[in-house]
Engineer: 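Could you have a look at this structure, given as structure tokens, before my questions?
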Amino acid sequence: MSPHERKIKKFLRRADIALSNSLFSSGRDRFEMSLMFSLDKKTGATSAELKMPEFHSNEIKAAIVDCRPFFLVKEDAYLPGVVNALSQVATREHAIALRDNGLKRFVGGFISNDQLVGGGFMYSGRLEMDNGAGAPGQLLSSGQITMDYIYGVALHEDDDKIARLENVSSDETIMQSVAMELAHLMHAVAVVREQIRLSAANGHLSIDVEVGAPTEWSEPGKWYKSPSAEESTS
């Protein structure tokens, strides 16, 4: 088995495991926020409350274990490396179609050098520079909170990262930040998994792969335009 084939097959196994993790298996509904309005019948005043999904630390830590192979450079399932491997086992025409349709650029919007990027769904209201990280004037985002939690609590113990986390308003905010960023990552994982499935099904790969059914996480038609048979043979 070539190194490229090993990377792809290991990625597919790891993707199946991660997508079946309890944090992701129920789909996107698990991560939805809702804004609830209420009316005080006595005063006529209205109020609004943002309902956030709840996540438990044990569940988050288990999800990190399942997701870490996709964003650690040293891992065979490192997502940018898998995209490179896919181009190496694809026909020349299909590799060009993958390049032109921006799969590598798409994945680069999620992962860079052991870091999750491109999320930033929430902000703590504090500046990164006040917490020993980031550029001046930049708010502490869920992306920074997530990487501090992963590398300062879940996988290692780091005093600087823990100190930044102590400045976050609540443990619930930390868990919500990490969960949202991991869900963002799983979208990219599912898209790459679906692209491999489509490429194999259309006979564009020099290896045999077995891939399960698409999941709602991928939605390639909405987020990433998969090369069609016509495009890859033109």
Side-chain angles (χ1 to χ4, degrees), residues 3-4 6-8 10-12 14-15 17-19 21 23-24 31 60-61 63-88 95 98-124 126-129 131-156 158 160-161 164-165 168 174 176-196 217-220 222-226:
H4 302 308
R6 183 181 67 250
K7 275 181 177 291
I8 290 172
K10 186 169 288 188
F11 162 75
L12 293 173
R14 297 299 310 189
I17 292 171
L19 286 166
N21 183 283
L23 186 64
F24 311 115
F31 302 89
I60 294 295
K61 289 177 180 177
I64 290 171
V65 170
D66 285 344
C67 292
R68 64 185 297 222
F70 306 124
F71 63 85
L72 293 183
V73 175
K74 67 179 182 180
E75 297 284 352
D76 279 341
Y78 179 59
L79 203 56
V82 172
V83 172
N84 288 335
L86 177 60
S87 67
Q88 295 299 315
L98 289 170
R99 181 198 66 195
D100 291 346
N101 278 335
L103 183 60
K104 183 177 181 179
R105 183 173 62 255
F106 171 83
V107 169
F110 293 80
I111 301 167
S112 178
N113 297 325
D114 289 344
Q115 301 286 318
L116 300 180
V117 298
F121 300 100
M122 299 161 54
Y123 293 88
S124 72
R126 299 175 184 270
L127 295 176
E128 285 193 0
M129 61 184 291
N131 291 273
Q138 183 169 314
L139 286 172
L140 185 64
S141 71
S142 56
Q144 181 66 55
I145 292 170
T146 297
M147 299 319 299
D148 283 342
Y149 185 80
I150 289 174
Y151 290 124
V153 177
L155 301 182
H156 309 286
D158 184 287
D160 291 336
K161 293 177 173 60
R164 279 197 294 272
L165 290 172
V168 179
I174 295 174
Q176 289 161 357
S177 296
V178 178
M180 295 296 185
E181 294 291 333
L182 293 181
H184 186 62
L185 168 66
M186 289 313 298
H187 169 62
V189 168
V191 166
V192 173
R193 176 179 178 265
E194 172 69 358
Q195 181 58 66
I196 294 172
W217 288 94
S218 51
E219 299 183 83
K222 178 178 180 182
W223 298 102
Y224 168 68
K225 185 174 180 295
S226 302

Engineer: Within this structure, what is the NE2-CE distance for the pair His184 and Met180, rounded to the nearest 0.5 Å?
Structural biologist: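 Answer for the NE2-CE pair, His184 versus Met180, is 12.5 Å.
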
Engineer: Return the set of residues passing ring-ring contact (aromatic ring centres under 6.0 Å, His included) with Phe71 (not counting sequence neighbours), or none when no residue passes.
Structural biologist: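 Result, ring-ring contact (aromatic ring centres under 6.0 Å, His included) vs Phe71: none returned.
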
Engineer: Once side-chain contact (heavy atoms from CB on, under 4.5 Å) is applied, do any residues pair with Asp100, and if so which ones, sequence neighbours excluded?
Structural biologist: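 Partners of Asp100 under the side-chain contact (heavy atoms from CB on, under 4.5 Å) test: Ile96.
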
Engineer: Going by the rule side-chain contact (heavy atoms from CB on, under 4.5 Å), which residues pair with Ala63 if we only count those two or more places apart in sequence or in a different chain?
Structural biologist: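 Partners of Ala63 under the side-chain contact (heavy atoms from CB on, under 4.5 Å) test: Asn21, Leu23, Phe24, Leu182.
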
Engineer: Quick one: salt bridge (Lys or Arg N to Asp or Glu O under 4.0 Å) partners of Arg105, sequence neighbours excluded?
Structural biologist: none

Engineer: Quick check for you: to the nearest 0.5 Å, what is the distance between Glu181 atom CD and Phe110 atom CZ?
Structural biologist: 10.5 Å

Engineer: Tell me whether Thr146 contacts the main-chain N or O of Ser177 through its side chain, where contact means a donor paired with an acceptor under 3.5 Å.
Structural biologist: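 Answer holds: yes.
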
Engineer: Using side-chain contact (heavy atoms from CB on, under 4.5 Å) as the criterion, list what pairs up with Asp158, not counting sequence neighbours.
Structural biologist: Asp160, Lys161

Engineer: Identify the heavy atoms of Ala95 and Ser87 that sit nearest to each other, and give their distance.
Structural biologist: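 So the minimum-distance heavy-atom pair works out to CB-O, 3.6 Å.
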
Engineer: Which value, rounded to the nearest 0.5 Å, describes the distance between Arg6 atom CZ and Ile8 atom CD1?
Structural biologist: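 Here the rounded value is 11.5 Å.
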
Engineer: Just jot down the side-chain hydrogen bond (donor to acceptor under 3.5 Å, both in side chains) partners of Lys61, sequence neighbours excluded, or say none.
Structural biologist: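 Lys61: no side-chain hydrogen bond (donor to acceptor under 3.5 Å, both in side chains) contacts found.
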
Engineer: How long is the straight-line distance from SG of Cys67 back to CD1 of Ile17, given to the nearest 0.5 Å?
Structural biologist: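 Result: 11.5 Å between the selected atoms.
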
Engineer: Set out, in order, the CA-CA distance, both residues' side-chain angles and the distance that settles side chain to side chain contact (heavy atoms under 4.5 Å, CB included) for Leu103 and Gln195, then state yes or no.
Structural biologist: CA-CA 9 Å; Leu103 183 60; Gln195 181 58 66; 4.1 Å; yes

Engineer: Tell me the closest heavy-atom pair linking Met186 and Ala18, and the distance in Å.
Structural biologist: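 Met186 and Ala18 have their closest heavy atoms at CE-CB, 3.6 Å.
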
Engineer: For Val73, what residues pass the side-chain contact (heavy atoms from CB on, under 4.5 Å) criterion, not counting sequence neighbours?
Structural biologist: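 Testing Val73 for side-chain contact (heavy atoms from CB on, under 4.5 Å), a comparison that skips the adjacent residues, returns Tyr78, Asp114.
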
Engineer: So how far is it from Ile150 CD1 to Gln115 CD, rounded to the nearest 0.5 Å?
Structural biologist: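 CD of Gln115 is found 8.5 Å from CD1 of Ile150.
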
Engineer: Write down the atom of Lys10, the atom of Asp76, and the distance for their closest heavy-atom approach.
Structural biologist: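 Looking at all heavy atoms of both residues, the shortest contact is NZ-OD2, 3.1 Å.
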
Engineer: Taking only residues two or more places apart in sequence, or in another chain, which ones meet Lys104 in a salt bridge (Lys or Arg N to Asp or Glu O under 4.0 Å)?
Structural biologist: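 Counting only residues at least two positions away or on another chain, Lys104 forms no salt bridge (Lys or Arg N to Asp or Glu O under 4.0 Å).
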
Engineer: For the residue pair Val189 and Ala15, what are the closest heavy atoms and their distance?
Structural biologist: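 Scanning both residues completely, I find the closest heavy atoms to be CG1-CB, 3.8 Å.
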
Engineer: ring-ring contact (aromatic ring centres under 6.0 Å, His included) with Phe70: which residues, sequence neighbours excluded?
Structural biologist: Phe11

Engineer: Restricting to non-hydrogen atoms, name the atom on Ala188 and the atom on Leu79 that form the minimum distance, rounded to 0.1 Å.
Structural biologist: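 Shortest heavy-atom separation between Ala188 and Leu79 comes out as CB-CD2, 3.8 Å.
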
Engineer: Between Gln88 and Asn84, is any side-chain donor less than 3.5 angstrom from a side-chain acceptor?
Structural biologist: no

Engineer: Please list, chain by chain and in numerical order, all residues satisfying salt bridge (Lys or Arg N to Asp or Glu O under 4.0 Å) with Asp66, sequence neighbours excluded.
Structural biologist: none

Engineer: Between Val82 and Leu86, does the side chain to side chain contact (heavy atoms under 4.5 Å, CB included) criterion hold? Intermediate values first, please.
Structural biologist: CA-CA 6 Å; Val82 172; Leu86 177 60; 5.5 Å; no

Engineer: CZ of Arg14 to CZ of Arg68: how many Å apart, nearest 0.5 Å?
Structural biologist: 9.0 Å

